[in-house]
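Lettering follows sequence order; numbering is per chain, from 1. The structure displayed is predicted, hence computed values, not measured ones.
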Protein chains: 2
Amino acid sequence: MADKEQISYKLADIIPNLFTILTEDQKKLVEQTHQIQHFKKNEIVYCEGDIPKSMMCLIKGKIKIFKDGIGGRSQIIRMLKPVEYFAYRAYFANEPYVTAATAFESTTICLIPMEVIDNLIRINNDLAYFFVKELSIDLGIADGRTVSLTQKHIRGRLAEAILFLLENYGMEEDNVTLNIYLSREDLASLSNMTTSNAIRTLSIFASEGIISVDGRRIKILDDERLRRISKHG
Amino acid sequence: MADKEQISYKLADIIPNLFTILTEDQKKLVEQTHQIQHFKKNEIVYCEGDIPKSMMCLIKGKIKIFKDGIGGRSQIIRMLKPVEYFAYRAYFANEPYVTAATAFESTTICLIPMEVIDNLIRINNDLAYFFVKELSIDLGIADGRTVSLTQKHIRGRLAEAILFLLENYGMEEDNVTLNIYLSREDLASLSNMTTSNAIRTLSIFASEGIISVDGRRIKILDDERLRRISKHG
DNA sequence: AAATAATTATGTTATTTAACACCGAATATG
DNA sequence: CATATTCGGTGTTAAATAACATAATTATTT
């Protein structure tokens, strides 16, 4: 196997929620077949149209999953943090990927061949249940997002996006700065608007004292108001 | 058990794809615990906020699953035909329903208690795999829909909705009339626009010879052009 | 059958948002 | 170091769509 990091890690630490589900034999199989890969900032993890070969688990870093839309306008579908599993849906649906994934920052991923996962699922009920639950949660989120993105106005959508980033990635030590730095363009494709509108609306929020902006650093000053904007106009 | 239709039916005929997965014992369990229910046109099958108690399978009729959005504007998330399974996602995600479901027309549903399904899933891998696949397909559709609904223009969205109805419900015997009759309002909430815009755009399509409209009856005259509109503006 | 309500249709206006144009600053590149 | 190139910012215009008003038609109820 090409790259195993000199076995300087334990899978039980790296992918705990998956690993605790498996029997000793099954763990051994995963240990033998998995792979660790690193990605630099902006590197592509997989492309739309690729045939899914591995399930992936984000170990370190941040990843965005997005779809290319109309006229080069892309839409962020999901943003991952450690330790989240991804890239398996298309395999189960028996499709090529309908999304693409890139690393937001320097990132480490654990890959497990989909045939291995497929075989394990068929003999390990808890593993199957794990995926059922995972997919059920994601589908609920997707349905909610559809309504938000289509019905909320720009301010509401941007507020929601900022709050999502907060829930997902949390704050830095200062307790007010979002622990993720997005370009205005990414912020736009997360909240379904043009880049100009993301920029404009962001500075309006800042001028209203709801947030403060320093480059890509966003400080949340009035969490309460942000929630109100996200809910109602 | 209240209503079993005098056992004048066989579950193997009614829910074949589920039933073929089960062992004899498991079939017996489902036979003992299931229920058949009828719903009249516009009757509510379940509500947002309800605790999911049964998995459902649509045996006869048509059902819409929708979310109430902002300002009374609802959004159709999914439309079912026989024999499709539904109402189980929220249970697996451990949530109350985030959608509601109503019957489009006189409808028959088979209900199986979720605890029964949950137990079966934990002992029958093929059943678990069935749900994994089902959910994976639906999640892919949901992600695609999000982009369509947010990025396509009105004409594209309506064209897509009409084509979806065609794929899903097919034609009547005449081979041109859609085999489902939606109110303009439902058509609007399927394609994310106001009712007026659905009405207007529909008559524009008719005036362009792409479709013809007779009340709620829609005939597709130029399938090719409809596809082009759905894809590009 | 009359009355009432819901649905469909059409025209007009207002709002929202995208598109475009331009600039300066920061960052990468040869 | 000079120069592209990307990124963030702002103002202006144009396009898409919602909101509103009103009326005709069709269903539903009394």
For atom [atom1] of [X] and atom [atom2] of [N], their distance in whole Å:
X	N	atom1	atom2	value
Asn42(B)	dA27(D)	CG	C1'	13 Å
Leu158(A)	dA18(C)	CG	P	12 Å
Leu187(B)	dA9(C)	CG	P	11 Å
Glu185(A)	dT5(D)	CD	C1'	14 Å
Arg216(B)	dT25(D)	CZ	C1'	13 Å
Arg184(A)	dT6(D)	CZ	C1'	14 Å
Leu149(A)	dT17(C)	CG	C1'	15 Å
Arg217(B)	dT8(C)	CZ	P	13 Å

[X] side-chain proximity, nearest of [options]:
X	options	value
Arg200(A)	dA9(C), dA19(C), dT17(D)	dA19(C)
Arg157(B)	dG9(D), dC7(D), dT17(D)	dT17(D)
His153(B)	dA16(D), dT17(C), dT10(C)	dA16(D)

Problem set entry | Geometric cation-pi criterion Lys62(A) and Tyr169(A), 6.0 Å radius, 45° cone | yes
For this session: Output yes when at least one side-chain N/O atom of Asn197(B) is less than 4.0 Å from OP1 or OP2 of dT17(D), else no.
Result: no
Which part of the nucleic acid, if any, lies within reach of [X] when heavy atoms closer than 4.0 Å are counted: base, sugar-phosphate only, or nothing?
X	result
Arg73(A)	sugar-phosphate
Arg155(A)	nothing
Ile199(A)	base
Ser203(A)	sugar-phosphate

Problem set entry | Partner of Met55(A) by side-chain contact (heavy atoms from CB on, under 4.5 Å), out of Tyr91(A), Phe92(A), Phe86(A), Tyr88(A) | Tyr88(A)
Exercise. Taking Lys64(B) for the side chain and Ile76(B) for the main chain, is one N or O donor matched with an acceptor at less than 3.5 Å?
Worked result: no
Problem set entry | 5' precedence on DNA chain D between Leu182(A) and Ile154(B) (nearest-nucleotide basis) | Leu182(A)
Seminar exercise, completed: For Leu226(B) and Ala159(B) the tightest heavy-atom approach is O-CB, 3.6 Å
Exercise. Does CD belonging to Glu48(B) count more than 12 external heavy atoms closer than 6.0 Å?
Worked result: yes
